[in-house]
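These notes are about the structure you will find just below.
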Amino acid sequence: MGQVPHRFSASDLPDTVPVFPLPGALLLPRARLPLQIFEPRYLAMLDDSMKTAERLIGMIQPRGGKTEGAPMLQAIGCAGRITAFSETDDGRYMITLTGISRFRTQQEVEGFSPYRRCQVSWSGFERDLGGVESDAGLNRETFFPLLRQFFEAEELRTDWDSLEDAEDELLINALSMLCPFQPEDKQALLEAPSLETRRETLVTLIEFAMRGGGEETLQ
C-alpha cells in the first residue's frame, strides 16, 4: 500500500467509470487489490481502461435483486488505477488496482458496451485523495491479542512481525480487505467515513465472529 504513485485531484476524476461487480471484493483508497481477468467483457473493459489517461476501474459489490436481468449494485464503490499489468500464457491478465477514491453511483450508463458503466459522484470522499490517515484511537496492546484469537479461530496465517510494524492505515485497510467477512460487512467497512470508524467497525465484526455470529451480518 502506501502513497499512490499517480496523484489525482478532484478535477482529474471522470464523471463515468467502468464498474466491476464482485461480491466480497473490497478496495480502499491507497490500498492495492490484485485481480485475475479472463471473462471477455472484463478483458474489453481492461483494454478500454488502459487507453484512458486515468486507467480507472470501479470496484463495486452487487446487492440483492436484479434490474433488467443484471444484479443491482451497491450505492458506493471505490475506483482503482491499474498500476500493474501482466499476461499469462493462456490469455488471462493479472492486474493490480491501487485505490484512488470512493464514489457514489448516480445512474447506470446505457449503451453497447459489454461491461457495465456508471455515472458517479466523488462528492463527500475528498479525504480519499489526501495523504495517509492515522488512527489516534487505535490501542495496539488490546487490538493484537483480539486479532490473534480471531486468526486462530478462523485458521488464518499472517506475518505477525510485518503486521505489528505496519502503519495504522496499512494495518486496518489490509485487515478489512483480507478478513473473511460477509459482503454486507465488507460494504460497511468500505463506507466507514474515517479510518477510526473503519477500525471500530472491524473490531465489532471480529468480536461478533468470535461470539459465533456465523452467517449473520452486521446491521
Original post:
More than 12 foreign heavy atoms under 6.0 Å from CG of Asp15: is that the case here?
Top reply: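 It does not: Asp15 CG has 12 such atoms or fewer within range.
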Original post:
Does CG belonging to Asp89 count more than 12 external heavy atoms closer than 6.0 Å?
Top reply: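 No, because the 6.0 Å sphere around CG of Asp89 holds 12 heavy atoms or fewer from other groups.
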Hey, does the side chain of [X] reach the backbone of [Y] with a donor-acceptor pair shorter than 3.5 angstrom?
| X | Y | result |
| --- | --- | --- |
| Gln107 | Gln119 | no |
| Arg104 | Gly77 | no |
| Lys186 | Ser176 | yes |
| Arg55 | Met50 | no |
| Ser121 | Ser123 | yes |
| Gln61 | Gly24 | yes |
| Glu126 | Gly124 | yes |
| Arg157 | Phe151 | no |
| Thr105 | Ala75 | yes |

Same apolar cluster: [X] and [Y], side chain cutoff 4.5 Å:
| X | Y | value |
| --- | --- | --- |
| Phe144 | Leu178 | no |
| Met210 | Leu205 | yes |
| Met177 | Leu156 | yes |

Roughly how far, to the nearest 0.5 Å, is [atom2] of [Y] from [atom1] of [X]?
| X | Y | atom1 | atom2 | answer |
| --- | --- | --- | --- | --- |
| Leu170 | Leu28 | CG | CG | 11.5 Å |
| Gln149 | Glu154 | CD | CD | 12.5 Å |
| Arg127 | Leu195 | CZ | CG | 9.0 Å |
| Met45 | Ile37 | CE | CD1 | 5.5 Å |
| Ile100 | Leu13 | CD1 | CG | 8.0 Å |
| Met59 | Leu22 | CE | CG | 4.5 Å |

Quick check: do [X] and [Y] have side-chain heavy atoms less than 4.5 Å from each other?
| X | Y | result |
| --- | --- | --- |
| Glu169 | Glu167 | no |
| Phe143 | Leu138 | yes |
| Ser49 | Leu56 | no |
| Ile82 | Thr96 | no |
| Pro71 | Pro21 | no |
| Leu202 | Leu175 | yes |

Subject >> Val109 vs Arg116, side chain to side chain contact (heavy atoms under 4.5 Å, CB included): CA-CA, chis, key distance, verdict >> reply: CA-CA 8 Å; Val109 178; Arg116 299 172 75 174; over 6 Å; no
Original post:
Do Arg148 and Trp160 meet the cation-pi criteria used here (NZ or CZ under 6.0 Å from the six-membered ring centre, within 45° of the axis)?
Top reply: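 Judged by the rule, Arg148 and Trp160 form a cation-pi pair.
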**OP:** Let me see the working for Tyr42 and Tyr115 under ring pair (Phe, Tyr, Trp, His ring centres under 6.0 Å), right down to the final yes or no.
**Re:** CA-CA 7 Å; Tyr42 295 125; Tyr115 53 87; 7.8 Å; no
**OP:** For salt bridge (Lys or Arg N to Asp or Glu O under 4.0 Å), just list the numbers for Glu110 and Arg117, CA-CA rounded to whole Å, side-chain angles, deciding distance to a tenth of an Å, and then say yes or no.
**Re:** CA-CA 8 Å; Glu110 301 297 329; Arg117 295 179 298 146; over 6 Å; no
Where do [X] and [Y] come nearest, in terms of heavy atoms and distance?
| X | Y | value |
| --- | --- | --- |
| Pro62 | Pro23 | CD-N, 3.6 Å |
| Pro14 | Val120 | O-CG2, 4.0 Å |
| Phe103 | Phe125 | C-CE1, 3.7 Å |

Original post:
Please walk me through it: do Val17 and Ile57 pass side chain to side chain contact (heavy atoms under 4.5 Å, CB included)?
Top reply: CA-CA 6 Å; Val17 293; Ile57 291 175; over 6 Å; no
Sidechain N-carboxylate O distance under 4.0 Å for [X], [Y]:
| X | Y | result |
| --- | --- | --- |
| Glu87 | Arg92 | no |
| Arg81 | Asp12 | no |
| Arg63 | Glu184 | no |

Original post:
Name the one of Leu27, Ile60, Ile76, Asp185 that satisfies side-chain contact (heavy atoms from CB on, under 4.5 Å) with Leu190?
Top reply: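 When Leu27, Ile60, Ile76, Asp185 are each tested with Leu190, the side-chain contact (heavy atoms from CB on, under 4.5 Å) holds only for Ile76.
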[X] and [Y]: side-chain donor and acceptor closer than 3.5 Å?
| X | Y | result |
| --- | --- | --- |
| Ser9 | Ser11 | yes |
| Arg30 | Asn173 | no |
| Ser194 | Thr197 | yes |

Original post:
Taking the six-membered ring for Trp, are the ring centroids of Tyr93 and Phe85 within less than 6.0 Å of each other?
Top reply: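 Aromatic pair counts; centres sit under 6.0 Å.
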Subject >> Derivation of the side chain to side chain contact (heavy atoms under 4.5 Å, CB included) call for Asp168 and Arg140 >> reply: CA-CA 10 Å; Asp168 295 352; Arg140 291 174 179 250; 3.0 Å; yes
Original post:
Could you go step by step and tell me if Leu33 and Leu26 meet the side chain to side chain contact (heavy atoms under 4.5 Å, CB included) rule?
Top reply: CA-CA 8 Å; Leu33 178 66; Leu26 178 60; over 6 Å; no
